[in-house]
Number of protein chains: 2
Amino acid sequence: MPRQPKTYIKILEAALPLFAAYGYKGVAMRDIARAVGITAAALYNHFPNKEQLHYKALEYAFAQKVEHLSAILAETDTSQDRLSRFVLFWVESFGDNVIIRSLLQREMADADPARMKLLVEHIYQPVFDDVADLMKEASGGLNPHLLFVSVIGLVMYHFEMSPLRKLIPGYLPEQDSSDHITQHIISLLKNGILLDKS
Amino acid sequence: MPRQPKTYIKILEAALPLFAAYGYKGVAMRDIARAVGITAAALYNHFPNKEQLHYKALEYAFAQKVEHLSAILAETDTSQDRLSRFVLFWVESFGDNVIIRSLLQREMADADPARMKLLVEHIYQPVFDDVADLMKEASGGLNPHLLFVSVIGLVMYHFEMSPLRKLIPGYLPEQDSSDHITQHIISLLKNGILLDKS
DNA sequence: GTCTATAGCCTGATAGAC
DNA sequence: GTCTATCAGGCTATAGAC
């Protein structure tokens, strides 16, 4: 396997935070070039066009993000503990990381078919079987597919809300902490809301 | 007395689906003008610039979206039924409606402070007190603020996942239906995952 | 209020010297 | 591989006729 030139990787790593913060259309080739320390024309020695640069940057960002999950869930332990470890894994891998989270968020909104495929192949597909095994132990008749989306959504939305959270009633600074959010989600998943039967 | 919509309103209503589908930068003033049936220059008789047009369009889209919630939650009934009605309300108001949902999704990603304020004042602030009353009946020690975000996230993420859902293992067409999603969420909230204690 | 015409700027991308 | 120079096209916004 021929190793890619160092500049190639530098470009990807400079482009990712820009795409995360401003979106595809919000970032000019000149912006990426400036962040790398070269001119825009030089970018075209490494990528045929802006779209490919963007695609390769996403591929680079999402690669190997979930490869350790199997090991994390495989350990012999109670279902409850494995569920907790999954939530924690997702918080640390996709919630806490502002760049990865923003990229995912923007990709979901744009919904480009080719990039949807990228997302599924690198992130959701490789984890689904392990997680579905866990979900099947749910005894409330809950469907594994829907439960999979629910757990991920529960994690991601708390972080997507971060720019808004301070403006919502009942906000306390500690609710921005990942640990606090993680514990809340695990508790909610395990027990539900447990409403008074009044 | 049906009155012919003023051009001002026609512009807002033509702009909203465009902003929802392509984002702020993805929509040109010419595109909006074409959708209305006038030229781009004529837009400037109604709005000082593109940014104001966008802001007023969002304000128009989000106005009065939640005004009926109080009545829906005020009826004397069990907590469980009131919770179900809240989930159903949010699904119908913000999940099912592709335009509103996409606008919200893009606003959260862009996180512009002025527009965050708009979101909170028109949507989250007016519903929080009613919903928090409901959340306080949760007996798992769950914090009302975090629970509020959890319930909303649970609803919204299922719909945000729609462009991806078909590509995720375990997908069945019926899982795209709002009723199916609503029932899943209510069941999850009420009982939790109920894992085997193995 | 709407039009045509256009200013002024920014954009992705290319050509060719080094 | 990187540079400078540049192009063609798209963008927001304005000017002035009607």
Side-chain angles (χ1 to χ4, degrees), chain A residues 1-61 103 106-107 109-110 112-115 118, chain B residues 3-61 103 106-107 109-110 112-115 118:
Chain A
M1 289 260 258
R3 208 167 65 95
Q4 295 280 16
K6 207 176 81 182
T7 308
Y8 182 88
I9 299 295
K10 273 171 67 181
I11 294 170
L12 297 180
E13 290 178 349
L16 283 169
L18 294 174
F19 284 132
Y22 306 110
Y24 180 77
K25 295 226 172 188
V27 178
M29 292 297 266
R30 287 166 172 81
D31 299 330
I32 300 168
R34 194 183 313 117
V36 180
I38 58 178
T39 63
L43 294 175
Y44 290 87
N45 288 312
H46 304 274
F47 303 92
N49 52 45
K50 184 186 177 184
E51 201 183 328
Q52 272 296 304
L53 192 162
H54 181 232
Y55 185 89
K56 292 294 182 186
L58 290 177
E59 197 172 37
Y60 178 78
L103 291 172
R106 291 189 184 279
E107 285 312 305
D110 283 352
D112 172 80
R115 302 203 299 271
L118 190 73
Chain B
R3 202 161 63 104
Q4 201 68 9
K6 293 177 183 174
T7 306
Y8 181 88
I9 299 295
K10 275 169 65 180
I11 293 170
L12 298 180
E13 290 179 349
L16 283 169
L18 295 174
F19 284 132
Y22 307 110
Y24 181 77
K25 295 226 171 187
V27 178
M29 292 298 266
R30 288 170 174 89
D31 300 329
I32 299 168
R34 194 183 312 116
V36 180
I38 58 176
T39 62
L43 294 174
Y44 290 87
N45 288 314
H46 305 274
F47 303 92
N49 53 46
K50 184 185 177 184
E51 201 182 328
Q52 272 297 304
L53 192 162
H54 182 232
Y55 185 90
K56 291 295 183 185
L58 290 176
E59 197 172 38
Y60 178 78
L103 291 172
R106 292 190 184 279
E107 286 312 305
D110 283 352
D112 172 81
R115 302 203 299 271
L118 190 72

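To find a chain, count down the sequence lines: A is the first, B the second, and so on, and within it residues start at 1. Keep in mind the model is a prediction, meaning the values are calculated, not measured.
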[X] [atom1] to [N] [atom2]: how many Å, rounded?
X       : N      : atom1 : atom2 : result
A:Arg34 : C:dT11 : CZ    : P     : 9 Å
B:Ile11 : C:dG1  : CD1   : P     : 10 Å
B:Phe47 : D:dT14 : CZ    : C1'   : 18 Å
A:His54 : C:dT11 : NE2   : C1'   : 17 Å
B:Tyr24 : D:dT12 : OH    : P     : 8 Å

Do side-chain atoms of B:Arg115 reach the backbone of B:Tyr55 as a donor and acceptor pair under 3.5 angstrom?
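Not a single qualifying donor-acceptor pair exists.
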
Which nucleotide in the set [options] lies at the smallest distance from any side-chain heavy atom of [X]?
X       : options               : answer
B:Tyr44 : C:dT14, C:dT4, D:dT12 : D:dT12
A:His46 : C:dT14, D:dG1, C:dC3  : D:dG1
A:Asn49 : D:dA13, C:dC3, C:dA13 : C:dA13

Tabulate atom names and distances for all N/O pairs under 3.5 angstrom spanning the protein and nucleotides 8-11 of chain D.
none

Could I get the full list of ring pair (Phe, Tyr, Trp, His ring centres under 6.0 Å) partners for A:His54, not counting sequence neighbours?
A:Phe19, A:Tyr24

Could you work out, with ring pair (Phe, Tyr, Trp, His ring centres under 6.0 Å) as the rule, every residue matching B:Tyr8, not counting sequence neighbours?
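For B:Tyr8, the residues satisfying ring pair (Phe, Tyr, Trp, His ring centres under 6.0 Å) (neighbours in sequence not counted) are B:Phe47.
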
d(A:Glu51 CD, A:Asp112 CG) to nearest 0.5 Å is 7.0 Å

Scanning both residues in full, the closest heavy-atom pair of A:Leu18 with A:Asp31 reads CD1-O, 3.8 Å

So, are B:Glu59 and B:Lys56 salt-bridged, with charged N and O less than 4.0 Å apart?
yes

